[in-house]
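When reading the values below, keep in mind they use all heavy atoms of this one structure, side chains included, and skip hydrogens, waters and symmetry mates. If you're wondering where the values come from, they're calculated on a predicted model, not measured in any experiment.
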Amino acid sequence: MITKEMITYERTAFATVCFALFLNGWNDSSTGPLLPRMQETYGVGYVVVSLVFISACCGGILAGLVNVYLNDRFGFGKIIVFASSLQLAGYAIQSAAPPFPLFVIAFFLNGFGLGTVDAQSNGFVALLRDSGKGKMSLLHAAYGCGAFAAPLVATQFFHMRRWSFYYLTSLALAVINLVALIIVFRFNTVEHVLAKTGVVTASESSNKGGKMKQMMKLKTVHILALFIFVYVGVEVTIGGWIVTYSLLVRSGGPASGYISSGFFGGLMLGRLVLIGVTRMIGERRVIYLYTVLCIALEITIWFVPSLIGNAIAVSFVGLFLGPIYPICMTVSSEVLPPWYVLLGGSIGWIAGIGQAGSAAFPFMTGAIASKTSVRAMQPLLIGMMSGMILLWLLVPQKVVKTQ
């Protein structure tokens, strides 16, 4: 029987992980508006400044690799608090604008922290009651809200001599996040937390070599992880490089930082206002529609030399990209084995690998831009989006079986 206390605790726990994802979104959209100042302060070009992305990528990949082990060894509550502490440490280092190598290391700490928090939060929400009925969309709308707000603040610090003090605002949010996670989850395991919400967990009848081994045998896990890897790469490449693109290709001014906010604002709205459209068309089919619309909009950004027109198109790209991530997570919970030890771990793995994509593709964009120009961003994005369509075709229709 579900009591009022269980419902209240579930809502509190859900709101807490939503704030954690808000901070993740805040972090991911911060780099773009400040990228030109980083280049100016440290006297580096596209390739070298892109090391901040590759450092975060290494942290995200490591988080994806060890997430399942850490969760089994220490438990949900301890791991998510530890990961949030690393985020806090990263912001403290960044706020001082230290020598570039140390500045880059701070991105590694953030990458590992964000990747772990993202994995744990998605895995937890996937196990809640009615997780597919809007909870995933709301969780990632919180991410979009943070991603929308950060460029508005970062653009103000762009003009200041102490631009790195922007990270003090991130540090303050990280402190609030850490305190909330400690108070709500109290270092408990996911089983204990779920029990307090009225969800009874049940494992499979046999454990053939451990959770990680079983996960690695599931081809669907790798397909979904690769899809999310590319998707998050698209999302953060746009958010991270659109300001530089607008400044250099479309001759935009310092206010170009607001274009990044327009993109992430669209991302947030898409995860809220398109829920009805997604349900009407169907979660699987609508992915193709949203992706094709994004490709069409990217083509207009590529060929139409209008700053205002590009800004509007970027916002609509965010609108149609927005629902794709929560849809993928919902579909994952439908096609992967329903046992919590595999479902939570698999979704955590997919989310953790996706976090690595948030760094790998922006770095690739910077490397290509250094050899050609930042104009190469648009054809690269179109290619990545086309790859998403091909990968989505490979996702099975039915629940896969463990071997």
Side-chain angles (χ1 to χ4, degrees), residues 20-35 37-39 42 44 46-67 82-95 97-122 143 146-147 150-151 154 164 166-167 170-171 173-174 177 225 228-244 260 264 325 348-367 369 384:
L21 264 288
F22 173 92
L23 183 58
N24 278 18
W26 176 281
N27 179 87
D28 285 348
S29 67
S30 298
T31 307
L34 296 177
L35 209 58
R37 286 305 306 271
M38 294 178 195
Q39 290 180 273
Y42 293 109
V44 295
Y46 290 132
V47 173
V48 177
V49 78
S50 293
L51 287 175
V52 300
F53 293 118
I54 207 67
S55 179
C57 175
C58 291
I61 291 174
L62 181 61
L65 290 172
V66 304
N67 172 65
F82 170 70
S84 300
S85 300
L86 290 181
Q87 291 178 260
L88 193 153
Y91 294 135
I93 294 170
Q94 290 169 326
S95 65
F100 192 66
L102 185 56
F103 190 70
V104 171
I105 290 173
F107 276 84
F108 175 84
L109 296 177
N110 264 330
F112 183 86
L114 266 68
T116 304
V117 168
D118 196 46
Q120 295 289 333
S121 298
N122 277 281
Y143 172 96
S164 64
Y166 162 79
Y167 291 105
S170 302
L171 181 65
L173 291 173
N177 181 51
I228 286 296
F229 178 79
V230 178
Y231 167 83
V232 176
V234 168
E235 178 186 300
V236 181
T237 295
I238 296 173
W241 283 104
I242 193 61
V243 176
T244 302
S260 181
F264 285 111
Y325 192 109
W349 168 262
I350 292 167
I353 294 300
Q355 194 65 34
S358 72
F361 287 104
F363 174 80
M364 185 190 305
T365 302
M384 291 160 64

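- Between Thr237 and Met364, the closest side-chain pair of non-hydrogen atoms is not below 4.5 Å.
- One distance of note links CZ of Phe229 with SG of Cys57; it measures 6.0 Å at 0.5 Å rounding.
- Contact record, Leu23 with Ala174: CD2-CA, 3.7 Å, taken as the closest heavy-atom pair.
- Under the 4.5 Å side-chain criterion, counting only non-hydrogen atoms from C-beta, Trp241 is in contact with Leu35.
- For the residue pair Ala154 and Leu34, the shortest heavy atom distance occurs at O-CD2, 3.7 Å.
- The two residues Ser164 and Gln94 have their closest heavy-atom pair at CB-O, 3.6 Å.
- To the nearest 0.5 angstrom, Ser85 atom OG is 9.5 Å from Asn177 atom CG.
- Summarising the geometry, atom CZ belonging to Phe22 is positioned 6.0 Å from atom CG belonging to Leu173; distances are rounded to the nearest 0.5 Å.
- Taking the six-membered ring for Trp and thresholds of 30 and 60 degrees, Phe112 and Phe108 have nearly parallel ring planes, at less than 30 degrees apart.
- Contact between Ser29 and Ser260 at its shortest, heavy atoms only, is O-OG, 4.3 Å.
- Rounding to the nearest 0.5 Å places CG of Leu109 at 6.0 Å from CG of Leu86.
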CA sep, side-chain torsions, deciding dist, call: Asn122, Asp118, side chain to side chain donor-acceptor pair (under 3.5 Å): CA-CA 6 Å; Asn122 277 281; Asp118 196 46; 3.2 Å; yes
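- Leu171 and Ala92 get closest at one heavy-atom pair: CD1-N, 4.1 Å.
- No close placement of the Tyr325 and Tyr143 rings is indicated, their centers lying 6.0 Å or farther apart.
- Residues Val44 and Leu51 have side chains not in contact (no heavy-atom distance under 4.5 Å, counting atoms from C-beta outward).
- Using a 4.5 Å heavy-atom threshold, the side chains of Phe361 and Phe53 count as separate.
- In this structure, Val232 and Val236 have side chains that are in contact, with non-hydrogen atoms separated by less than 4.5 Å.
- Here the shortest heavy-atom pairing between Val49 and Phe100 reads CA-CZ, 4.1 Å.
- Between Ile54 atom CD1 and Ile61 atom CD1 the span is 7.0 Å, to the nearest 0.5 Å.
- Of the options Val104, Ile105, Ile93, a side chain to side chain contact (heavy atoms under 4.5 Å, CB included) to Pro98 is made by Ile93 and by none of the others.
- How far CG of Leu114 is from CH2 of Trp26: 13.5 Å, rounded to the nearest 0.5 Å.
- For the residue pair Asn27 and Tyr91, a side-chain donor N or O sits within less than 3.5 Å of a side-chain acceptor on the partner.
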Under the side-chain contact (heavy atoms from CB on, under 4.5 Å) criterion, do Tyr42 and Val48 qualify, and how do the steps go? CA-CA 10 Å; Tyr42 293 109; Val48 177; over 6 Å; no
